[in-house]
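This structure is a prediction, so every number in the text was calculated from the model and none was measured.
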Amino acid sequence: MASEDKSLHFIEQIIEDSLTNGFSQDKLRFRFPPEPNGYLHIGHAKSICLNFGLGLKYNAPVNLRFDDTNPAKEEQEYVDAIKEDLKWLGFNWSEELYSSDYFQQLYDWAVTMINNGKAYVDSQSSEEMAIQKGTPTQPGVDGPYRNRSIEENLTLFEGMKNGDFPEGSHVLRAKIDMTSTNMLMRDPLMYRILHRHHHRTGNDWNIYPMYDYAHGESDYVEQISHSICTLEFVMHRELYNWFLDQIYDENKVRPHQHEFARLNLNYTVMSKRKLLQLVQENIVNGWDDPRMPTISGLRRRGYTAAAIRKFCEVIGVAKRENIIDVSLLDFCLREDLNKTAPRVMAVLDPVKVVITNYAEGVEEWLEAENNQEDESAGYRKVIFSRELYIERDDFLEVAPAKFFRLSIGNEVRLKNGYIIKGESVTKDANGVITEIQVTYDPDSRSGSGSEASQRKVAGTLHWVAVKSAVEAEVRLYDRLFTDEAPDSHKEKSFLEFMNAESLQIVKGFVEPSLSAAKIGDHFQFQRLGYFVVDKDATDSKLVFNKTVGLKDAWEEKDKKEANLLMNTQKEINKYVKEKEDNNAQILLNSIVDNIKSIDNFSLLCQTMVKNVKNDNNSLLFANLILHFSDKVTANDVDPEIVHKLYTMSLKSQLATVRIFVLLNIKKDLANFSVFESQISDLRNVEKNEKVLEVLNSI
């Protein structure tokens, strides 16, 4: 039992404690409560797996309840998409319910609260209410309508329901405490007037309950035992409980709210508003664009339900917010696809290879293993002939020492086939290779058991035979954003970090066995990555989406850029110590080139901030990043840090630091006036000619 207890996450422990303290297991009930105002994304998957996982663990029902209280943003399309996503993830709900099912009950409870002096109609504007509500450090004050009579409140509220008033003219507020330290308790809104068509109730209602009121009361109607939500609702718990206090019957189950840390992924945005913006501005091709973090987008890209469930299991359930690396999701996907995806051959950037000593018109069937990770997957036949396609970057005329692919005079093995040797090339008028001539060793066929087949060669290439190759459109998808936290920078729009290379469409060739592939079929294109047949595919046109590479290219890139910046800092030290001007300039040019090559905005900002310290070399590095990177400006860094950098750099003993800080201040219009006096002081004492030259240009 002790070992089992250790494996419990804190929500499970809360439930175990409830059961230990006498709560009946047959009264356990959970829910997944999405608002149908957008498509579900990977962040929702964590909540889905948590709630439905608890249902499976405790053999308890889990409701799917749509919190559909805002007809201005909710649509049936979203309801249908959410249900499809849940089924695809492998979960079944006990009951399909809607907050709109309870509109009459919620209204009746609101009337009871008015009668009990716990709610009133407020006729202030939203701006007036915001002022009257105070601030986190200043208590609110009673509004002019807070003490309306019960009769007037009932009459006005009924008129709101009947559509007698325009939107924005009245709201119903709970009467709690305008001096509460929790601003959510300062007479929160319960109802607002909306003359909108609701996707289920049509035009029956002219008022709609606010989320904070409807959510907890809906939990109570459904007798949810544990209402699980994300950490941003911690402050809402007091209000959740207050609303329950107004209606709670001791003979019924009282829901309790518990909060866990939501899923935050790097290189991703998960705000529904921002995802909707991407769709509406046609930056992506709909909610199911394979670059989107929506479950439908991930499904279309080729992510599997098993991989997403495994990912949610691995990241666990915690109370503290943290950022999960998206590469972990890709790792879970590779693990799953590695076991299940058949291996096939495809060439995406083809160049023709002609085997000059192979007979013309002859075709040979070679045996190829479908999946070495799955013995039951068996084998298939692939056609081999005189003319083949290989990847263009698998050939160099003259190759460096560690190039383990085809080149003139060197041998490689063709996967499942023969050893070939590069002999010559044909080029077009622009010098582009159009054909590679090779010879092959007839005795070297893979699996033949001959002595030649056992011969070791440097590399193995994938290929497809020209005559039997099937043309396909291949969509090469990559991350949608270039920055690891695209929506975290106050002075920048997340749209500034769009990855211009997030989609490339190429014409490739695949082996003929794929001509029968169906929409949703997964494959590993050998040496290239995992791919899935897209829904745009037809009987006459194959369309594949790249799901994920065989390795994490972004992790490699991030490591390379981080290492490059570390090495560049060492070059700074060499530059500062170098006495000979030409050598110093060469070092500086190299440093500048390195800085310009870094794409990772957050990494540049972090490196710059770390180097704002009382050390000449560090100050120089920070100033060089600010001056030469086209990714970072002074506005992207905390003003206090920028001021500290400028102040210390102007006093630096190193002339180069003073030069570059002056150049940075010169182009920093927002801060220039702040440092005019320091620049003037420097003019009076500066003796270095190069620094004086910059000073005179300001």
Side-chain angles (χ1 to χ4, degrees), residues 1-34 40-67 82-97 215-216 218-231 233-234 237 240 252-264 295 298 303-322 324 328-329 332-333 335-336:
M1 284 297 293
S3 61
E4 283 186 18
D5 289 344
K6 287 181 183 178
S7 67
L8 296 177
H9 58 66
F10 81 97
I11 296 288
E12 290 172 331
Q13 190 60 59
I14 287 169
I15 295 169
E16 292 291 338
D17 291 344
S18 297
L19 297 174
T20 301
N21 292 326
F23 189 83
S24 175
Q25 182 160 346
D26 63 8
K27 291 185 177 180
L28 286 176
R29 184 179 289 272
F30 309 101
R31 85 288 175 270
F32 174 62
L40 298 181
H41 54 60
I42 184 65
H44 294 109
K46 180 177 179 180
S47 179
I48 292 167
C49 290
L50 172 57
N51 280 288
F52 283 93
L54 290 171
L56 292 169
K57 180 180 177 71
Y58 293 101
N59 193 28
V62 184
N63 291 345
L64 169 60
R65 184 182 73 239
F66 292 96
D67 279 338
I82 288 168
K83 289 160 63 175
E84 182 181 359
D85 289 344
L86 278 171
K87 289 176 181 175
W88 176 75
L89 280 171
F91 297 112
N92 296 307
W93 48 92
S94 175
E95 294 184 71
E96 181 181 324
L97 301 167
H215 182 76
S218 298
D219 284 345
Y220 180 63
V221 172
E222 296 173 19
Q223 289 290 274
I224 302 302
S225 59
H226 296 76
S227 178
I228 300 164
C229 56
T230 47
L231 283 178
F233 289 98
V234 167
R237 193 197 314 157
Y240 181 97
K252 293 188 175 182
V253 171
R254 181 183 175 115
H256 290 276
Q257 177 177 304
H258 305 283
E259 307 86 14
F260 70 99
R262 66 181 178 181
L263 171 59
N264 297 302
I295 293 175
L298 293 169
Y303 283 74
T304 64
I308 293 174
R309 292 196 304 268
K310 180 66 175 178
F311 170 68
C312 292
E313 177 189 334
V314 170
I315 61 176
V317 179
K319 294 182 180 182
R320 182 178 295 178
E321 296 277 11
N322 62 338
I324 304 297
L328 178 58
L329 174 60
C332 293
L333 178 63
E335 272 206 326
D336 186 39

Colleague: Do Leu19 and Leu28 come close enough that some side-chain heavy atom pair is under 4.5 Å?
Modeller: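 In contact.
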Colleague: Any heavy-atom pair between the side chains of Asn322 and Asn264 that's under 4.5 Å?
Modeller: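 They are not in contact (no side-chain heavy atoms under 4.5 Å apart), so the answer is no.
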Colleague: With distance as the sole test, does Lys83 use its side chain to make a donor-acceptor pair with the main-chain N or O of Leu64 at under 3.5 Å?
Modeller: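 No: the side chain of Lys83 does not pair with the backbone of Leu64.
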Colleague: Rounded to the nearest 0.5 Å, what separation is found between the CD1 atom of Ile15 and the NE2 atom of His256?
Modeller: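 Rounded to the nearest 0.5 Å, the CD1-NE2 separation comes out at 12.5 Å.
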Colleague: Decide yes or no on side chain to side chain contact (heavy atoms under 4.5 Å, CB included) for Phe311 and Asp336, but give the supporting numbers first.
Modeller: CA-CA 11 Å; Phe311 170 68; Asp336 186 39; over 6 Å; no
Colleague: Roughly how far, to the nearest 0.5 Å, is CD1 of Ile315 from CG of Leu263?
Modeller: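 Here the rounded value is 4.5 Å.
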Colleague: As a test of understanding, state which of Arg65, Arg254, His226 forms a side-chain hydrogen bond (donor to acceptor under 3.5 Å, both in side chains) with Asp219.
Modeller: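 Testing each of Arg65, Arg254, His226 against Asp219, the sole residue satisfying side-chain hydrogen bond (donor to acceptor under 3.5 Å, both in side chains) is Arg65.
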Colleague: Measure the CZ-CG distance between Phe32 and Leu40 for me, rounded to the nearest 0.5 Å.
Modeller: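 Output value for this atom pair is 5.0 Å.
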Colleague: Nearest 0.5 Å please: distance from the CZ atom of Arg31 over to the CG atom of Asn63.
Modeller: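 If I round to the nearest 0.5 Å, the distance is 9.5 Å.
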Colleague: Starting at CG of Leu54, measure out to CD1 of Ile228 and round the result to the nearest 0.5 Å.
Modeller: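 These two atoms lie 5.0 Å from each other.
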Colleague: Find out whether Cys229 and His215 are in side-chain contact, i.e. whether some heavy atom of one side chain is under 4.5 Å from a heavy atom of the other.
Modeller: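 No, every pair of side-chain atoms sits at 4.5 Å or beyond.
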Colleague: Is Lys310 paired with Glu335 through a side-chain N to carboxylate O contact shorter than 4.0 Å?
Modeller: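 Looking at Glu335 and Lys310, the cut-off is not met.
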Colleague: With a 4.5 Å heavy-atom cut-off, do Gln223 and Lys252 have their side chains touching?
Modeller: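 SC-SC contact between Gln223 and Lys252 confirmed.
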Colleague: Do the ring planes of Phe52 and Phe91 sit parallel (below 30°), tilted (30 to 60°) or perpendicular (above 60°)?
Modeller: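 If you compare the ring of Phe52 with that of Phe91, the planes turn out parallel.
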Colleague: For residues His9 and Leu50, determine if any side-chain heavy atom of one lies less than 4.5 Å from a side-chain heavy atom of the other.
Modeller: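 Side-chain contact under 4.5 Å: yes.
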Colleague: Over 60° means perpendicular and under 30° means parallel, so classify the ring planes of Tyr58 and Phe30, tilted if in between.
Modeller: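 Correct class here is tilted.
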Colleague: Taking the side chain as every heavy atom from C-beta outward, state whether Asp85 and Ile48 have any atom pair closer than 4.5 Å.
Modeller: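 Sidechains of Ile48 and Asp85: no contact.
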Colleague: Using a cut-off of 6.0 Å, state whether more than 12 heavy atoms not belonging to Asp17 lie near its atom CG.
Modeller: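 Counting other residues, nucleotides and ligands, CG of Asp17 exceeds 12 neighbours.
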Colleague: Under the 3.5 angstrom rule, does the side chain of Ser18 hit a backbone N or O of Ile14 as a donor-acceptor pair?
Modeller: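 Flag set: sc Ser18 to bb Ile14 pair under 3.5 Å.
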Colleague: Quick one: pull up CD1 in Ile308 and CG in Leu298 and give me the separation to the nearest 0.5 Å.
Modeller: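 Interatomic distance, Ile308 CD1 to Leu298 CG, rounded to 0.5 Å: 5.0 Å.
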Colleague: Just one of Ile11, Leu231, Thr230 clears the side-chain contact (heavy atoms from CB on, under 4.5 Å) bar with Glu259, so which one?
Modeller: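 Answer to the side-chain contact (heavy atoms from CB on, under 4.5 Å) test with Glu259 among Ile11, Leu231, Thr230: Leu231.
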Colleague: So, do Pro255 and Tyr240 sit near enough that their side-chain heavy atoms are less than 4.5 Å apart?
Modeller: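 They are in side-chain contact.
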Colleague: State whether the side chain of Gln13 and the backbone N or O of Leu8 hold a donor-acceptor pair below 3.5 Å, judged by distance alone.
Modeller: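 Checked: no pair found.
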Colleague: For Phe233, does its backbone N or O pair with a side-chain atom of Gln257 as donor and acceptor, under 3.5 Å?
Modeller: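 Checked: pair present.
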Colleague: Quick one: are Phe66 and Pro34 in side-chain contact, heavy atoms under 4.5 Å?
Modeller: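 Yes - at least one pair of side-chain heavy atoms lies under 4.5 Å apart.
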